[in-house]
Amino acid sequence: MELNNVVLCCEKVKFGKEELKKMTEKRENDGSVKEDGYSKRLRVASPRHGFENPLLPLANTYSDDEEDEEYYGRRKQHGVCGGNNGSRMERNGHNVEEEEEEDDGDDEGHDQGKQCRLIEVRRDCPYLDTVNRQVLDFDFEKFCSVSLSNLNVYACLVCGKYYQGRGQKSHAYTHSLEAGHHIYINLRTEKVYCLPDGYEINDTSLDDIRHVLNPRFTKEQVEQIDKNKMWSRALDGSDYLPGMVGLNNIKETDFVNVTIQSLMRVMPLRNFFLIPENYQHCRSPLVHRFGELTRKIWHARNFKGQVSPHEFLQAVMKASKKRFRIGAQSNPVEFMSWLLNTLHADLRSVKKNTSIIYECFQGELEVVKEIPKNAMTEKKEIGDDQNGGSEHGNTIKETSKMPFLMLGLDLPPPPLFKDVMEKNIIPQVPLFNILKKFDGETVTEVVRPHVARMRYLVTRLPKYIILHMRRFTKNNFFVEKNPTLVNFPVKNLELKDYIPLPTPKENERLRSKYDLIANIVHDGKPEEGFYRVFVQRKSEELWYEMQDLHVSETLPQMVALSETYMQIYEQQQ
């Protein structure tokens, strides 16, 4: 009796194999025959496909992805998934999130459009204790470390590396199997997933990582930021002041670092970029990278006490067409001028032609140009003729209004002879003497584009005035540096005592007093030196010296004992 049962079971197994073989041949001969769910399970569970992927466990020989794709396809045809991005539902007693995402991890060139998936959401994950915050660094470009793609990139929260996608053929999925690292965060959506299981982790203990990835500020926090006197602590135990963090010198990028540190002291500009909603309409990568860098510098919950401006430098290289690039020393005055004009061009409104840049830095000059008649004749011959000039004897006078973002000051030439100690005498000049260039009477002679005598008069003062001293002169052979020291006040620079200013309108008060907030200096030889900056912390009115990663407190008297190159003054209200 038992022998008959065994024979009967063997015949059933044999018949099942023959039936499966016939169905397979029929499906191969006629591709239009639609297989049902049972035949699909038999096909996937057949020994021919059982060990196709050795990385998958034997218990998961049958993959749920194909059936889920068919299930989601039917739901999409009936309009169930359309537009419900991130909706939640209950399925089999678990919390499930329905999301629409880009599947960029498929390497075989299948349909890479948006597909609807059901993602399980859990609050508990057994791998949360493997997250290593010491290795996390979100300052660098968000590119996959394998494919070098910036689409759908995830960061491994165990080793800190970037990988693309989270599908079964993606680099992040492979890394989770090979290295045993299971926690990943999407760098764009900030959602955290456990791989290879594929469920989303919703745990508040990961909020600090999200804040470091994308720092956030409310309007109330921005208003109180200058009143904050609290120090913050990094993961390594070091203390730092928000807003007074060092910037990494990637390679000869100190001219960028001092410019950024100076602009961080301009309160309206800083407050504007701390809230991304102010410039969300702008499509310029440079604007968004500058905003990200501003938020990271002023963030009080950073994992480390310094910031690397790598992403911002990449945006600068692209926007300037490699005029300013990593590895090539440049001039902070040229970079400041280019940066302000580029940010204004990207942020300006079409109707008013204004931006936060012009609101802070734009002033106006009245320029009187006296051109000799012989130079004017040459000018007409080359076709550069302008109307509006009046003749006075042998000269032609032209008057025009010109906006400015910064004022260039000319230093007196250094002495040619040495003193009795065989050393060059370093001259000193008061700031008020070189400001006389803008009193409307002092004549400045220029030779380009033609010989002319210029007079400048300030007709409108900006809220923040940028002064730069022309220390470097370039000839056909080398660059020379003028070592003249400029004596300037740190507080209460009264401009009306030295240059004539326009009379204010009714019910307005003339604001001509300025306080220094940033001072950029150059040390060393013209082509081999380096830049550092002195900045003021408003909450305590203390001065700090910053050179790349080095940040130290200093005395206000030390600010003026250096070869200043560029200054930013704030108007007293």
Side-chain angles (χ1 to χ4, degrees), residues 215-232 240-245 247 257-279 282 287-300 307 309 312 332 336 339-341 343-344 347-348 354-363 404-407 460-467 489-493 495 509 511-520 533-546 551 553 556 559 566-573:
R216 301 166 178 83
F217 289 87
T218 63
K219 292 184 178 180
E220 292 75 17
Q221 291 173 335
V222 171
E223 292 174 357
Q224 299 295 324
I225 201 167
D226 281 331
K227 300 177 182 178
N228 178 34
K229 299 181 180 181
M230 297 287 293
W231 288 66
S232 297
Y240 70 93
L241 282 168
M244 296 291 169
V245 298
L247 294 178
N257 293 347
V258 296
T259 304
I260 296 301
Q261 296 285 16
S262 301
L263 291 177
M264 291 300 104
R265 313 308 135 195
V266 181
M267 186 178 64
L269 183 70
R270 177 203 63 194
N271 294 351
F272 177 85
F273 280 100
L274 283 178
I275 302 178
E277 287 75 15
N278 292 333
Y279 49 91
C282 181
V287 171
H288 290 279
R289 295 296 169 266
F290 185 78
E292 288 178 9
L293 183 59
T294 304
R295 296 197 302 275
K296 288 179 180 179
I297 290 175
W298 287 95
H299 193 222
V307 176
F312 175 72
M336 175 77 82
L339 180 63
L340 294 181
N341 283 286
L343 289 177
H344 165 71
L347 289 171
R348 66 181 177 182
T354 185
S355 67
I356 187 65
I357 305 296
Y358 275 14
E359 292 174 6
C360 293
F361 300 107
Q362 191 185 47
F404 69 88
L405 293 178
M406 61 175 64
L407 296 176
R460 189 178 79 243
L461 288 173
K463 295 179 181 178
Y464 293 83
I465 187 168
I466 303 177
L467 306 176
V490 175
K491 274 187 170 294
N492 298 324
L493 171 64
L495 292 181
R509 184 170 58 89
R511 295 183 174 91
S512 58
K513 273 191 178 183
Y514 285 82
D515 294 332
L516 184 68
I517 58 174
N519 181 40
I520 297 175
V533 62
F534 295 92
V535 297
Q536 186 190 37
R537 179 174 169 83
K538 278 197 171 183
S539 59
E540 301 168 333
E541 293 191 357
L542 297 177
W543 282 89
Y544 289 84
E545 178 186 351
M546 312 181 80
V551 180
E553 186 179 342
V559 178
M566 184 165 56
Q567 298 176 324
I568 301 180
Y569 282 89
E570 181 183 26
Q571 192 178 59
Q572 292 184 1
Q573 299 299 322

Quick one: are [X] and [Y] in side-chain contact, heavy atoms under 4.5 Å?
| X | Y | answer |
| --- | --- | --- |
| Ile260 | Ile297 | yes |
| Arg511 | Leu461 | no |
| Gln572 | Asn492 | yes |
| Lys538 | Glu570 | yes |
| Tyr279 | His288 | yes |
| Gln536 | Leu516 | no |
| Pro556 | Glu541 | no |
| Ile466 | Leu340 | yes |

For [X] and [Y], which heavy atoms make the closest approach, and how far apart are they?
| X | Y | answer |
| --- | --- | --- |
| Met546 | Val535 | SD-CG2, 3.4 Å |
| Asn257 | Pro309 | OD1-CG, 3.8 Å |
| Val258 | Ile520 | O-CD1, 3.8 Å |
| Arg265 | Gly243 | NH2-O, 2.9 Å |
| Arg537 | Asn228 | NH2-O, 2.8 Å |
| Tyr514 | Lys463 | CE2-O, 3.8 Å |

Between [atom1] on residue [X] and [atom2] on residue [Y], distance to nearest 0.5 Å:
| X | Y | atom1 | atom2 | value |
| --- | --- | --- | --- | --- |
| Met244 | Trp298 | CE | CH2 | 5.5 Å |
| Phe534 | Gln567 | CZ | CD | 11.5 Å |
| His344 | Leu405 | NE2 | CG | 8.0 Å |
| Ile357 | Gln362 | CD1 | CD | 11.0 Å |
| Phe217 | Thr294 | CZ | OG1 | 9.5 Å |
| Ile275 | Arg295 | CD1 | CZ | 10.5 Å |

Does [X] reach the main-chain N or O of [Y] with its side chain, forming a donor-acceptor pair under 3.5 Å?
| X | Y | result |
| --- | --- | --- |
| Glu292 | Pro215 | no |
| Ser232 | Ala300 | yes |
| Asp226 | Ser539 | no |
| Asn278 | Phe272 | yes |

Exercise: do Glu223 and Asn271 side chains pair donor with acceptor under 3.5 Å:
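No, no side-chain donor-acceptor contact under 3.5 Å.
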